[in-house]
Amino acid sequence: MIANDEKKTSGYRGLARLVRYAKPYQWPFLGAFLILLLATSLEMLAPWLMKIILDEHIAPGVSDSMGLAIMGAALFGTYLGSAILQYIQNVMFQENALKVVHDIRRMLFAHVLKLPMHYFDSEPTGRLVSRITNDSEVLRQMFVGVIPAILQAFFRVVGIFIAMALLDIRLMLMTALLIPVMLLAIHLYQKISHPVIHGVRSQLANINTRVNESLNGMRIIQAMGQEVHLQQQFDRDNEQWSQLKQKNINIDSLLLMPFTHLLNGIALAVVVGWFGYRSGFSLVEVGTLYAFINYLGRFFEPFRQITMQMSSLQQSLVASERLFQVLNEKTEETHYGQGNHQSPEIHSGKLAFNNVTLSYDSKNLALDNVSFTVEPGQFVAIVGHSGSGKSSVINLLMRFYQHQEGQILIDNQPLSTLPEDTLRQGLGLVFQEPYIFSGTMAENISLNHCQITDEHIQAAARKVHAAPFIRGLEEGYEHKPGPGGKALSTGERQLLSFARTIAQNPKILLLDEATANIDGETEHHIKEALITLRENRTTIAVAHRLSTIQDADQILVMDKGKIVQRGTHEQLLQQEGHYRDLYLAQQTEEQLGTTAQSGLMVTAASA
């Protein structure tokens, strides 16, 4: 893979960098270029053959049927050979362009999978989708259309000038004066159209983002009556895209075909006038006039091809800029070292935070000089109000974010030195909001890890009490819950998430408010399962419900990024402070809930 050490890639630098990705297919591309050169040469030969036919075989007083037949066959063979070679080179360019785009798209997706979490905090999902799919597809047109058109234009211009020089050197020199004018028009088009095309593609990415957010939040939109508001936002984005696209069309309409047609007409008038002037002094051969006019028309064709492809070139340049903006982002591998490969797995599960400080925005501290130690096999809970920094501890352990100060140790090794595979195999995380993939229930538990067998999958499901509801599904473990698992209840999705984590048999279990959104019965099953799951395993649980962590070996109470209390449940209840306030508040809420439920039952019975 090409190193992503360039801070910014723009314009033709991006194009040059992009072409480097075609290096693995350089020989097929070279073959296509040579075939293109041969096809263009045959195409340039045709007017000269026609000149010979007109002047030497059709001119008055000439009777050479055999020569005419031979030259006619040669002319036909020239056009046929050019057509066949054009087809072959087009297929070769298409095949290898698809391979290049396939590699770029694959590399881009692999790169996105390794980006740190803070990148996704600021980058809309729809924009990333647009770059991986739409922008990479635009690049295919560059390899299929733009590069071949530019090369063919160059070959044609060189061939045409040679032929023109052989016909009339003075007219050839006059025609050459038009080249700076054409190049100036191309440069002007590039300068004017680039920001417009950039705006078109950026606005298209905004539309994709808007659609993606709306589809993901459709329940909230309909429940809150936001259809009209979202429609207005979409119409505004769509209208901006339409205006930019219309501006792009206006620029293309002015500087592409009409301008080259105008120059073509001027040049044709000059040539006809020149031959008319010469006819007063000497005999003008019809074939020579035909050939020169034909070559003149072909002279403008390469420039028309280039100007027609300039729009695609500009789109390719913009797409390459946007792709390299993603590829230039540092992956998690570049944020952290390769580690000590002599320790391929986490053995004891000991954890230590030593004076750790974290800020997500370089302004506000999410963790402020946090220190604690978790011995192997201990169960440690972290509690506190929302925004106190609880989940930030989990984020750092999973290396989703990088702390600015202090040190984090796992098995007495700095977290930053652990290899990625070691960390992911040794730590298992259950989120508050589980995500279910579109595969089967078994695939959602194993996540396609080959070392996790069907026996391991079913054992993990039994441990977290997920087996009964899975067996109750129509196809059991082969049932497909669909994207996001929308057909499953919140509790069922969370049980599946627990089974997924346990199946990997991590040495350290991390629970990020994993029981916050589930019903009481599911919570009861998980609490029973956790008693078994915590055996010989270090466990850190970020918890909202204090009833789930009362048997913890140590409870850390956080407030504003600091640990303000620590101890067991009994010890903390005896102290004045945040923990006892939280506990009493939750006890009051539970009592009020129980009283309200009893009142409803009495009312229902009376009715």
Criterion side-chain contact (heavy atoms from CB on, under 4.5 Å) on Val200 and Gln243, from CA distance to verdict
CA-CA 9 Å; Val200 169; Gln243 292 175 0; over 6 Å; no
The side chain to side chain contact (heavy atoms under 4.5 Å, CB included) partners of His102 (sequence neighbours excluded) come to Arg106
One should read off an interatomic distance between Lys114 NZ and Glu329 CD, to the nearest 0.5 angstrom, of 15.5 Å
Ring centroid separation Phe33 to Phe93 under 6.0 Å
yes
How many angstroms lie between CZ in Arg424 and CG in Leu429, if you round to the nearest 0.5 Å?
9.0 Å
On a heavy-atom basis, which atom in Pro481 and which in Asn444 lie closest, and how many Å separate them?
CG-ND2, 4.2 Å
For Tyr25 and Val100, the nearest pair of non-hydrogen atoms, with its separation, is CD1-CG2, 3.7 Å
Taking Arg105 for its side chain and Thr133 for its backbone only, find out whether a donor-acceptor pair lies under 3.5 Å.
yes
Would you give the length of the straight line joining atom CD of Glu95 to atom CG of Asn90, rounded to the nearest 0.5 angstrom?
10.0 Å
Examine distances only and state if a side-chain atom of Ser214 and a backbone atom of Arg210 form a donor-acceptor pair shorter than 3.5 Å.
yes
Could you tell me whether the side chain of Gln404 and the main chain of Ser359 form a donor-acceptor pair under 3.5 Å?
yes
Shortest non-hydrogen pair, Leu327 vs Met107, comes out as CD1-CE, 3.8 Å
Quick one: ring pair (Phe, Tyr, Trp, His ring centres under 6.0 Å) partners of Phe155, sequence neighbours excluded?
none
Taking every heavy atom of Asn206 against every heavy atom of Asp237, the minimum-distance pair comes out as O-OD2, 4.4 Å
What's the verdict on side-chain contact (heavy atoms from CB on, under 4.5 Å) for Leu173 and Leu177, showing C-alpha distance, side-chain angles and the deciding distance?
CA-CA 7 Å; Leu173 293 175; Leu177 295 176; over 6 Å; no
Given side-chain contact (heavy atoms from CB on, under 4.5 Å), test Glu478 with Met441 step by step and report yes or no.
CA-CA 6 Å; Glu478 295 304 311; Met441 302 293 282; over 6 Å; no
What's the shortest heavy-atom distance between Gly31 and Met92, and which atoms?
C-CE, 4.0 Å
To the closest 0.5 Å, what do you measure between CG (Asn96) and CD (Gln26)?
11.5 Å
Side-chain heavy-atom pair Ser41, Leu37 within 4.5 angstrom cut-off:
yes
Looking only at side chains, do Gln231 and Asp235 share a donor and an acceptor under 3.5 Å apart?
yes
What are the two closest non-hydrogen atoms of Ser446 and Ile452, and how far apart are they?
O-CD1, 3.7 Å
Atom pair CG/CZ of Leu128 and Phe109 - distance to nearest 0.5 Å
10.5 Å
Write out all pairs satisfying ring-ring contact (aromatic ring centres under 6.0 Å, His included) with one or both partners inside residues 229-250, taking only residues at least two apart or from two chains.
none
Distance in Å, Leu108 CG paired with Phe324 CZ, rounded so as to fall on 0.5 Å steps
10.0 Å
By side chain to side chain contact (heavy atoms under 4.5 Å, CB included), which residues pair with Glu443, not counting sequence neighbours?
Thr440, Asn448
Counting N and O atoms only, with roles assigned by atom type, does the side chain of Arg399 sit under 3.5 Å from a partner on the main chain of Leu415, one being a donor and the other an acceptor?
yes
Any donor-acceptor pair under 3.5 Å from His111 side chain to Val326 backbone:
yes
Could you pull out all donor-acceptor pairs under 3.5 Å where a side-chain atom in residues 75-88 meets a protein atom, sequence neighbours excluded?
from, atom 1, to, atom 2, distance (Å)
Thr78, OG1, Ala74, O, 2.8
Ser82, OG, Ala39, O, 3.3
Gln86, OE1, Gln89, NE2, 2.9

For Gln325 and Glu321, does a side-chain donor sit closer than 3.5 Å to a side-chain acceptor?
no
Would you say Gln94 and Val91 make side-chain contact, with heavy atoms under 4.5 Å?
no
Stepwise side-chain contact (heavy atoms from CB on, under 4.5 Å) test for Leu166 and Trp48:
CA-CA 10 Å; Leu166 294 174; Trp48 194 274; 3.8 Å; yes
Could you check whether Gln246 and Asn250, counting side-chain N and O atoms only, form a donor-acceptor pair closer than 3.5 Å?
yes
List for me each residue that meets ring pair (Phe, Tyr, Trp, His ring centres under 6.0 Å) alongside Phe437, sequence neighbours excluded, and say none if there are none.
Tyr435
